[in-house]
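Numbered from 1 within each chain, the chains take letters A, B, ... in sequence-line order.
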There are 2 protein chains.
Amino acid sequence: MKDEKKISSAVIKRLPKYYRYLLILQQMGISRVSSNDLSKRMEITSSQVRQDFFNFGGFGLQGYGYDVTLLVKEIGNILGMDKINNMIVIGAGNLGQAIANHTSFEKRGFKIVGMFDNNPRHVGDIVRGIEIMHSDRLTEFMSNHSVDIAIITVPREYAREVVDKVVKLGIKGLWNFASVELEVPDDVAVENIHLSESLMALTYKMKEIRNRKAKVLKKTESK
Amino acid sequence: MKDEKKISSAVIKRLPKYYRYLLILQQMGISRVSSNDLSKRMEITSSQVRQDFFNFGGFGLQGYGYDVTLLVKEIGNILGMDKINNMIVIGAGNLGQAIANHTSFEKRGFKIVGMFDNNPRHVGDIVRGIEIMHSDRLTEFMSNHSVDIAIITVPREYAREVVDKVVKLGIKGLWNFASVELEVPDDVAVENIHLSESLMALTYKMKEIRNRKAKVLKKTESK
DNA sequence: TAGATTGTTAATCGATTAACAATC
DNA sequence: TAGATTGTTAATCGATTAACAATC
């Protein structure tokens with residue numbers, strides 16, 4: 001059996017974006033899309049769309065385009081959404097609760113099965129039908145339930161500790177909001193959310209726009 | 001005056017990451033770093049570090065390395081953090097409150113100056129010293145205060161409406177958590193947070209790890 | 001001075017775009 | 001069939017890495 005060639009990370013990074021746009025098309029009741037259509041919506045080239053899908057063997061039909069439903073399914077599968085992902089939220093403060101309330105995840109097979117917090121003020125509260133448990137019960141819970149992903153929404157100073165704990169308990173996926181660098185075994189996947197990086201990207205863009213304006217103004221003056 | 005050459009977006013995207021690592025060094029009391037040190041921590045090449053900084057003229061000293069404090073300042077300036085950024089939170093639910101409570105922003109000159117919500121249940125509550133106001137007061141507030149950035153944490157169905165409103169009121173930066181595509185004039189900067197894309201990136205990684213394991217297992221068996 | 005490490009150019013690598021034959 | 005649009009290769013472009021002279 002020949003080794004399938006490695007898909008480049010540039011392509012992978014675009015997949016969730018394709019997925020998102022395809023869901024929008026689906027909601028609009030559009031069942032078929034050409035690489036050209038899709039590329040215009042997403043502000044990329046049609047060549048890139050075809051090239052990207054070609055990496056996976058191609059999902060389209062010459063002279064017709066791509067079937068939206070099929071494409072959603074195929075890309076979903078590539079991204080690992082062909083199964084239910086059971087998730088627990090560790091840290092049931094505002095952020096943890098915000099995520100638990102985010103209904104659109106559930107539609108895509110991401111299911112919150114437990115929430116944990118150290119703070120007695122939160123323990124016992126119900127969020128979207130899930131009772132917040134004390135963190136002491138984490139070990140017991142994880143040995144009785146199948147949990148795929150732990151969402152880390154504790155304050156940063158507790159993050160490493162709880163991560164070590166769930167890793168020991170066998171977790172294989174971490175969605176980390178605690179902006180701490182985590183060290184985990186290489187069979188555990190980590191995705192970090194760095195909100196501050198996004199905020200800085202915003203101020204950079206704002207600065208660029210201000211500079212652009214200043215330049216145009218200067219040009220006009222010197223005329 | 002010659003046009004300074006355009007910095008590539010690949011470089012820009014790395015700047016917040018450099019910034020983050022440099023802050024860690026600073027906290028550790030390290031005042032000087034070589035491209036080699038930094039590259040190892042960040043898991044990139046030292047060549048890239050030097051090349052990246054060279055884009056801005058170079059911040060280092062031959063035979064010595066880079067001064068951490070200087071570097072933090074320079075990169076901060078490039079990213080537009082050389083000024084206070086006044087921000088308002090629109091949508092004071094769990095997510096809006098979580099962001100308002102995120103203290104590390106404030107240290108970097110990101111200051112929440114107002115919070116707004118439609119829901120009377122939230123109005124009047126105090127979050128980190130800021131009273132949540134009814135959205136009706138947005139227009140009045142913005143004409144009396146200097147606001148740089150609006151953080152959009154309303155449910156997606158209200159997002160476009162409130163964005164149109166603040167754009168009309170002159171906002172120049174939008175940090176959008178509502179996973180809706182926004183259309184704004186081209187002098188308004190937008191940074192979108194798509195949490196679901198990050199979550200899909202995680203399940204993709206998890207799937208890759210599972211596949212890798214399966215392959216190793218197969219190899220072992222066939223021996 | 002000798003050693004270290006940047007600044008900077010050149011070489012390589014990979015990703016994007018162009019082009020068009022294949023085919024529905 | 002004619003028209004449309006993908007699949008797929010080749011060309012181009014840009015980003016990363018290598019190398020080393022400059023210089024602290």
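In this structure a side-chain-to-backbone donor-acceptor pair under 3.5 Å is present from A/R160 to A/E181. Checking side-chain atoms of A/N86 against main-chain N and O of A/S146 turns up a donor-acceptor pair under 3.5 Å.
The pairing partner recorded for D/dA21 is C/dT6, the criterion being a Watson-Crick or G-U wobble arrangement whose two distances lie under 3.5 angstrom. With both pairing distances under 3.5 Å, D/dT12 is matched to C/dA15 as a Watson-Crick or G-U wobble pair.
Between B/F177 and B/W175, the ring-plane angle classifies as perpendicular under the 30° and 60° cut-offs. Classification of the A/F105-A/F110 ring pair by plane angle, with boundaries at 30° and 60°, yields perpendicular.
For the pair A/F54 CZ and C/dA15 C1', the interatomic distance rounds to 15 Å; values are reported in whole Å. In this structure, B/N55 places its CG atom 12 Å from P of C/dT9, rounding to the nearest Å. Remark: C1' of C/dT5 and CZ of B/F59 are 17 Å apart, rounded to the nearest angstrom. Rounded to whole Å, atom P of C/dG14 lies 12 Å from atom NZ of A/K6. Between A/E74 atom CD and D/dG7 atom P there is a gap of 11 Å when expressed in whole angstrom units. At whole-Å resolution of the value, CD in A/Q48 and C1' in D/dT8 are 16 Å apart. Atom CG in A/N36 sits about 15 Å away from atom P in C/dA19, given to the nearest Å. Atom CE in A/M42 sits roughly 13 Å away from atom P in C/dT17 (whole-Å rounding).
Map B/G63 and A/L61 each onto its nearest nucleotide of DNA chain C; the residue landing nearer the 5' end is B/G63. Projected onto DNA chain C by closest heavy-atom contact, B/Y64 and A/D52 fall at different nucleotides, the more 5' of which corresponds to B/Y64.
Here D/dT16 is the nucleotide among D/dT23, D/dT16, D/dT17 with the atom lying nearest to any side-chain atom of B/R14. In the set C/dG7, C/dT17, D/dT9, C/dG7 carries the atom at the smallest distance from any side-chain atom of B/Y66.
Taking side-chain N and O atoms only, B/Q62 has no distance below 4.0 Å to OP1 or OP2 of D/dA22. Regarding contacts with the backbone of D/dC20, every side-chain N or O of B/R50 stays at 4.0 angstrom or more from both OP1 and OP2. In terms of phosphate contacts, B/S47 brings no side-chain nitrogen or oxygen within less than 4.0 Å of OP1 or OP2 of D/dT16.
Among the atoms of the strands shown, none is found under 4.0 Å from any heavy atom of A/F53. Counting non-hydrogen atoms under 4.0 angstrom, B/F56 reaches nothing in the nucleic acid. Nucleic acid contact class of A/S35 (heavy atoms, under 4.0 Å, all strands): sugar-phosphate only.
A cation-pi arrangement is present between B/R32 and B/Y64, with the terminal nitrogen or guanidinium carbon under 6.0 Å from the aromatic centre and inside a 45° cone about the axis.
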- request: Apply salt bridge (charged side-chain N to carboxylate O under 4.0 Å, His left out) to the pair A/D148 and A/K172, showing each step before the final yes or no.
  value: CA-CA 6 Å; A/D148 302 289; A/K172 291 295 175 256; over 6 Å; no

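The base of D/dT17 sits within donor-acceptor range of the side chain of B/Q51, with an N or O pair under 3.5 Å.
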